[in-house]
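Below is one structure, written out as structure tokens; the observations come after it.
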Amino acid sequence: MTSALTTTAFADTILHWYDLHGRKHLPWQQDITPYRVWVSEIMLQQTQVATVIPYYERFMERFPNVQALATAEQDDVLHLWTGLGYYARGRNLHACARQIVERYNGEFPQSVEQLSELPGIGRSTAGAIVSISMDIRAAILDGNVKRVLTRFYAVEGWPGTTTVQNRLWDIAERLTPQHRHREYTQAMMDMGATLCTRSKPACGICPLQPECLGHASSKPTQYPNSKPKKDKPEKHTWMLMLRNPQGEYLLQPRPQTGIWGGLWSFPEAPSMAQAEQWLSTHFGDTAEHTQELNSFRHTFSHYHLHIHPVAISLTRSTAQIGEAEQHWYNPRNPSALGLAAPVKKLLQSSL
DNA sequence: AAATCGGGGGT
DNA sequence: ACCCCAGATTT
């Protein structure tokens with residue numbers, strides 16, 4: 001980790017580049033408040049800017065402040081989160097808003113330590129909130145910053161390990177300047193997002209290039225070192241699309257934890273045989289036209305899920321199924337519920 | 001320390 | 001088809 005550049009010169013270089021080329025017109029960069037920055041940071045976790053923007057605009061219109069979010073129903077929050085993924089972010093966002101209202105009288109606490117105790121806010125997100133919206137010096141270490149730093153210092157090792165992560169935090173803290181925190185934080189993210197990109201870094205126009213060890217190595221894209229590969233298991237599930245005579249589909253809430261936590265989905269079975277078993281138990285005299293639709297594959301970060309949709313038309317509406325909560329969903333008049341992306345897709349294609 | 005959580009966009 | 005993205009939480 002040797003560079004001719006002092007930490008001060010590093011920040012000055014970044015800030016000068018930001019003044020000329022940084023992004024200053026993103027939605028969350030207007031009317032900067034802790035609430036608006038917080039929501040944007042949560043949405044931007046593992047999700048790219050272009051994807052987030054329409055979700056952010058809708059969310060801000062519906063929940064303009066932390067009080068509005070705190071008093072909302074979880075279904076209303078997850079409805080606006082449908083399609084963004086990582087739904088624990090939506091649940092944590094909601095829980096966090098309620099804690100801020102209850103414990104802090106609706107005002108965001110002004111330290112990385114206090115913010116980090118709140119659900120969904122870790123060290124990096126807390127650093128972003130205080131540096132951008134409160135003018136408090138703090139480092140961040142998101143994907144963009146990791147990429148810039150691992151390249152600039154040619155840091156070996158996968159950043160998922162504690163060793164590499166600690167080293168990167170040390171570097172990030174050391175490089176954060178004493179002034180212009182908001183601009184520096186934004187500048188580092190912009191560098192990573194627009195210049196020091198994953199596969200085609202624009203080293204030719206990068207102000208850090210003369211001192212960059214990654215560039216000197218002639219293989220800057222080898223940083224950050226990639227995660228060790230693992231085979232993804234293949235899993236299967238049968239989704240039962242029960243349609244009543246009114247054209248409504250039966251949905252059930254999923255558990256709060258695990259895949260699609262807190263969202264609504266079709267009843268599922270681990271095999272077609274068990275699906276038919278379940279059908280005869282609950283709909284023995286009302287189910288007809290059971291038809292297996294074309295299956296498709298949905299890929300998660302850690303496994304592939306083969307979804308086998310089964311269309312079942314009911315001769316009449318049926319009462320409560322066991323003790324489970326349930327909702328009859330009309331695709332022509334959608335309810336405000338959180339839906340997993342494949343469920344939403346299936347409901348739309350049923351029209 | 002390692003596993004768990006989605007969906008989309010780039011290549 | 002594969003990689004990974006403005007990470008945090010749980011085990």
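Quick note: numbers below take in every heavy atom, side chains included, and nothing from hydrogens, waters or symmetry partners. The shown structure was predicted, so the numbers you read here are calculated from the model rather than taken from an experiment. Every chain is numbered from 1, with letters handed out A, B, ... down the list of sequences.
The separation between A:Ile53 atom CD1 and B:dG9 atom P is 12 Å, rounded to whole Å. One atom, NE2 of A:His304, and another, P of B:dG6, lie 16 Å apart when rounded to the nearest Å. Rounded to an integer number of Å, the gap from A:Met189 CE to C:dA6 C1' is 6 Å. Following rounding to the nearest Å, A:Trp38 (CH2) and C:dA6 (P) show an atom-to-atom distance of 21 Å. A straight line from CZ of A:Arg297 to P of C:dA1 spans 7 Å, rounded to a whole angstrom. Summarising the geometry, the separation between CG on A:Leu84 and C1' on C:dC5 is reported as 13 Å, rounded to the nearest angstrom. When the P atom of C:dC5 is taken as reference, atom NZ of A:Lys146 falls 8 Å away, rounded to whole Å. Rounded to an integer number of Å, the gap from CZ of A:Phe300 to C1' of B:dG7 is 9 Å.
Separating the P atom of C:dT11 from that of B:dG6 is a span of 15 Å, rounded to the nearest Å. Using atom P as the reference point in both C:dA6 and B:dT4, the two lie 24 Å apart (nearest Å).
Sequence order on DNA chain B of the closest nucleotides to A:Gly160 and A:Arg89 puts A:Gly160 first from the 5' end. Positionally, the nearest nucleotide of DNA chain C for A:Lys227 lies more toward the 5' end than for the other of A:Gln46 and A:Lys227. Where A:Tyr87 and A:Lys200 each meet DNA chain B at their nearest nucleotide, the meeting point lying more 5' is that of A:Tyr87.
The aromatic rings of A:His306 and A:His236 lie parallel to each other, their planes meeting at an angle below 30°, with 60° marking the opposite boundary. Taking the six-membered ring for Trp and thresholds of 30 and 60 degrees, A:Trp238 and A:His308 have nearly parallel ring planes, at less than 30 degrees apart.
The side chain of A:Arg198 approaches C:dC4 more closely than any other nucleotide in the set B:dT4, C:dA6, C:dC4. Comparing C:dA6, B:dC5, B:dG7 by their nearest atom to the side chain of A:His298 picks out B:dG7. The side chain of A:Leu44 lies closest to C:dA6, out of C:dA6, B:dG9, B:dG6. You'll find that the side chain of A:Asn92 is closest to C:dT9, out of B:dG7, C:dT9, C:dA6. Looking at the side chain of A:Gln45, the nearest of the listed nucleotides B:dT11, B:dG9, C:dG7 is C:dG7. Taking every side-chain heavy atom of A:His302 into account, B:dC5 is the closest of C:dA8, B:dC5, C:dA6.
Within 4.0 Å (heavy atoms only), A:Trp158 reaches no atom of the nucleic acid at all. In this structure, A:Ile121 reaches the sugar-phosphate backbone alone: every heavy-atom distance under 4.0 Å involves primed, P, OP1 or OP2 atoms, never a base. Residue contacts for A:Gln186: at a heavy-atom cut-off of 4.0 Å it reaches a base atom on one of the strands shown. Residue A:Ser199 is in sugar-phosphate contact alone, with no base atom involved, counting any heavy-atom pair closer than 4.0 Å across all strands shown. Contacts of A:Thr125 with the nucleic acid, taken as non-hydrogen atoms under 4.0 Å apart, involve only primed sugar atoms and P, OP1 or OP2. In this structure, A:Leu26 reaches the bases: a heavy-atom distance under 4.0 Å links it to at least one base atom across the strands shown. Heavy atoms of A:Ile259 sit under 4.0 angstrom from primed sugar atoms or phosphate atoms, though from no base atom. A:Thr47 comes within 4.0 angstrom of a nucleotide base, judged by non-hydrogen atoms across all strands. Residue A:Ser226 is in sugar-phosphate contact alone, with no base atom involved, counting any heavy-atom pair closer than 4.0 Å across all strands shown. Nucleic acid contact for A:Arg23: base, since at least one base atom lies under 4.0 Å from a heavy atom of the residue.
Between A:Arg180 and A:Asp19, at least one side-chain nitrogen of the basic residue sits less than 4.0 Å from a carboxylate oxygen of the acidic one, meeting the salt-bridge criterion. Under 4.0 Å is where a charged nitrogen must lie from a carboxylate oxygen, and between A:Arg89 and A:Glu41 no such pair does. In this structure, A:Arg123 pairs ionically with A:Glu173, as a charged nitrogen and a carboxylate oxygen lie closer than 4.0 Å.
There is no side-chain donor-acceptor pair under 3.5 Å between A:Tyr104 and A:Gln99.
Distances shown here put a side-chain N or O of A:Trp260 below 4.0 Å from the OP1 or OP2 atom of B:dG7. Look at A:Thr51 and you won't find any side-chain N or O under 4.0 angstrom from OP1 or OP2 of B:dG8.
Judged by a 6.0 Å distance limit and a 45° cone about the ring axis, A:Lys24 is positioned over the six-membered ring of A:Tyr18.
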